[in-house]
Asks: 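Sharing a structure with you now.
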Amino acid sequence: MIEVTHLSVSRGGAPALHDVSLRCPDGGITTIIGPNGAGKSTFLHALAGLIAPDTGTVRIAGTDIHTARESQRALILSLLTQNTAAVPRLSVRDLVAFGRWPHHRGRPTREDARHTESALERFDLQPLATREVETLSGGQRQRAFLAMSYAQATPWMLLDEPLAALDPKYTRDIMDRLRDIAADRADRRSVVLVLHDLSVAAR
């Protein structure tokens with residue numbers, strides 16, 4: 001469970017979030033919606049421990065995110081931001097494998113390879129595994145970054161506008177995949193994502 005208690009955050013001296021409290025249950029998809037500039041991304045980054053709050057606490061699975069070490073947070077949650085620029089000449093498989101870094105710290109094992117291949121399969125990326133990320137279409141590239149987040153194998157996935165600039169076909173595809181991930185009894189993840197499209201959130 002995510003438990004947020006009286007969270008307030010300032011950005012550049014201006015208040016961005018004020019006295020926010022909520023609980024997100026394990027499992028399923030929780031969507032944060034609102035217009036641009038409402039503080040959605042700031043809130044998600046505060047959940048991930050990347051922004052220190054002025055007041056309040058964030059606990060995920062009982063861990064205080066803002067006092068936990070970075071290595072500890074990386075085993076609890078994965079965060080996919082809006083800034084997903086591709087590194088030149090990086091293959092899809094290598095990108096997805098980066099999601100395993102918190103587990104192996106530079107010494108990948110067969111278990112890490114298994115998780116990488118599982119993520120490629122989950123997002124139908126095996127036919128594209130040797131392609132360079134920068135050669136993919138927008139929808140394919142976003143699937144690759146989502147697969148990297150999935151490969152991290154954390155109980156919580158935090159996704160900041162994962163549908164931005166995607167056409168309706170890829171929007172439906174990605175939301176269907178996230179719904180399947182959240183409902184998977186064998187390997188279930190809890191998903192929190194930011195959206196600004198009310199119609200997508202309603203579906």
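Source: prediction; values computed, not measured.
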Asks: Please name the pair of heavy atoms, one in L159 and one in S149, separated by the smallest distance, quoted to 0.1 Å.
Replies: CD2-OG, 4.2 Å
Asks: By side-chain contact (heavy atoms from CB on, under 4.5 Å), which residues pair with D184, not counting sequence neighbours?
Replies: R122, A186, D187
Asks: Ignoring hydrogens and angles, tell me if any N or O in the side chain of R100 forms a donor-acceptor pair with the backbone of A151 under 3.5 Å.
Replies: yes
Asks: Going by atom types only, do Q140 and S137 share a side-chain donor-acceptor pair under 3.5 Å?
Replies: yes
Asks: Test: salt bridge (Lys or Arg N to Asp or Glu O under 4.0 Å). Region: residues 173-183. Which pairs qualify, not counting sequence neighbours?
Replies: D124-R177, D173-R177, D176-R179
Asks: Does the side-chain contact (heavy atoms from CB on, under 4.5 Å) test come out yes or no for L146 and I174, once each step is laid out?
Replies: CA-CA 9 Å; L146 285 166; I174 286 175; 3.6 Å; yes
Asks: Do L125 and L90 share a hydrophobic cluster, counting only Ile, Leu, Val, Met, Phe, Trp and Tyr and linking them when any side-chain heavy atoms are less than 4.5 Å apart?
Replies: yes
Asks: In terms of hydrophobic clustering (I, L, V, M, F, W, Y; side-chain heavy atoms under 4.5 Å; direct or indirect links), are W101 and V133 co-clustered?
Replies: no
Asks: For D64, enumerate each residue passing the side-chain contact (heavy atoms from CB on, under 4.5 Å) test, keeping only those at least two apart in sequence or located in another chain.
Replies: T57, R59, H66, T67
Asks: Do L163 and M175 pass the side-chain contact (heavy atoms from CB on, under 4.5 Å) test, and can you show the C-alpha distance, the side-chain angles, and the key distance before you say yes or no?
Replies: CA-CA 9 Å; L163 310 179; M175 288 303 295; 3.8 Å; yes
Asks: Please report the closest heavy-atom contact between A16 and T42, naming both atoms and the distance.
Replies: CB-CG2, 4.1 Å
Asks: Give a yes or no answer on whether the side chain of T116 reaches the backbone of D112 with a donor-acceptor pair at less than 3.5 Å.
Replies: yes
Asks: Does the R141 side chain pair with the main chain of E134, one donor and one acceptor, at a distance under 3.5 Å?
Replies: yes
Asks: What salt bridge (Lys or Arg N to Asp or Glu O under 4.0 Å) pairs are there with at least one residue in residues 1-24, not counting sequence neighbours?
Replies: E3-R23
Asks: Quick check: does any side chain N or O of K169 sit under 3.5 Å from a backbone N or O of G139, one acting as donor and the other as acceptor?
Replies: no
Asks: For Y170, does the OH atom have more than 12 heavy-atom neighbours from other residues, nucleotides or ligands under 6.0 Å away?
Replies: yes
Asks: Got a sec, which hydrophobics cluster with I60, joining ILVMFWY side chains under 4.5 Å apart, including via others?
Replies: I2, V4, L7, V9, L17, V20, L22, I32, F43, L44, L47, L50, I51, V58, I65, I76, L77, L79, W156, L158, V192, V194
Asks: Using the rule salt bridge (Lys or Arg N to Asp or Glu O under 4.0 Å), only one of E132, E117, E121 pairs with R93; which is it?
Replies: E117
Asks: Among D197, V200, L195, L198, which one satisfies side-chain contact (heavy atoms from CB on, under 4.5 Å) with T31?
Replies: L195
Asks: If you look at every heavy atom in P102 and Q152, which pair is closest and at what distance?
Replies: CG-NE2, 4.0 Å
Asks: Where does the angle between the aromatic ring planes of F123 and Y150 fall among parallel (under 30°), tilted (30 to 60°) and perpendicular (over 60°)?
Replies: perpendicular
Asks: Taking the side chain as C-beta and beyond, is there a heavy-atom pair between S41 and Q82 under 4.5 Å?
Replies: yes
Asks: I need the minimum non-hydrogen distance between A153 and R189, along with the two atoms involved.
Replies: CA-NH1, 3.6 Å
Asks: List the steps and the verdict of side-chain contact (heavy atoms from CB on, under 4.5 Å) for S91 and T130.
Replies: CA-CA 5 Å; S91 74; T130 59; 5.6 Å; no
Asks: I'd like to know if the side chain of K40 reaches the main chain of G34, judged simply by a donor and an acceptor atom lying under 3.5 Å from each other, with no hydrogens or angles considered.
Replies: yes
Asks: Would you say T154's side chain and S78's backbone share a donor-acceptor pair under 3.5 angstrom?
Replies: yes
Asks: Can you run down the ring-ring contact (aromatic ring centres under 6.0 Å, His included) pairs that involve residues 9-31, sequence neighbours left out, and say none if there aren't any?
Replies: none
Asks: Does the pair R114/E111 count as a salt bridge with the N-to-O cut at 4.0 Å?
Replies: yes
Asks: For the side chain of S190 and the backbone of G27, is there at least one donor-acceptor N/O pair under 3.5 Å apart?
Replies: yes
Asks: Search all heavy atoms of P162 against all heavy atoms of Q142 and return the closest pair with its distance.
Replies: O-NE2, 2.7 Å
Asks: Could you tell me whether the side chains of S10 and D54 share a donor-acceptor contact shorter than 3.5 Å?
Replies: yes
Asks: Assess whether atom CZ of R105 is packed by more than 12 heavy atoms of other residues, nucleotides or ligands within 6.0 Å.
Replies: yes
Asks: Does the side chain of M157 come within less than 4.5 Å of L80's, by heavy atoms?
Replies: no
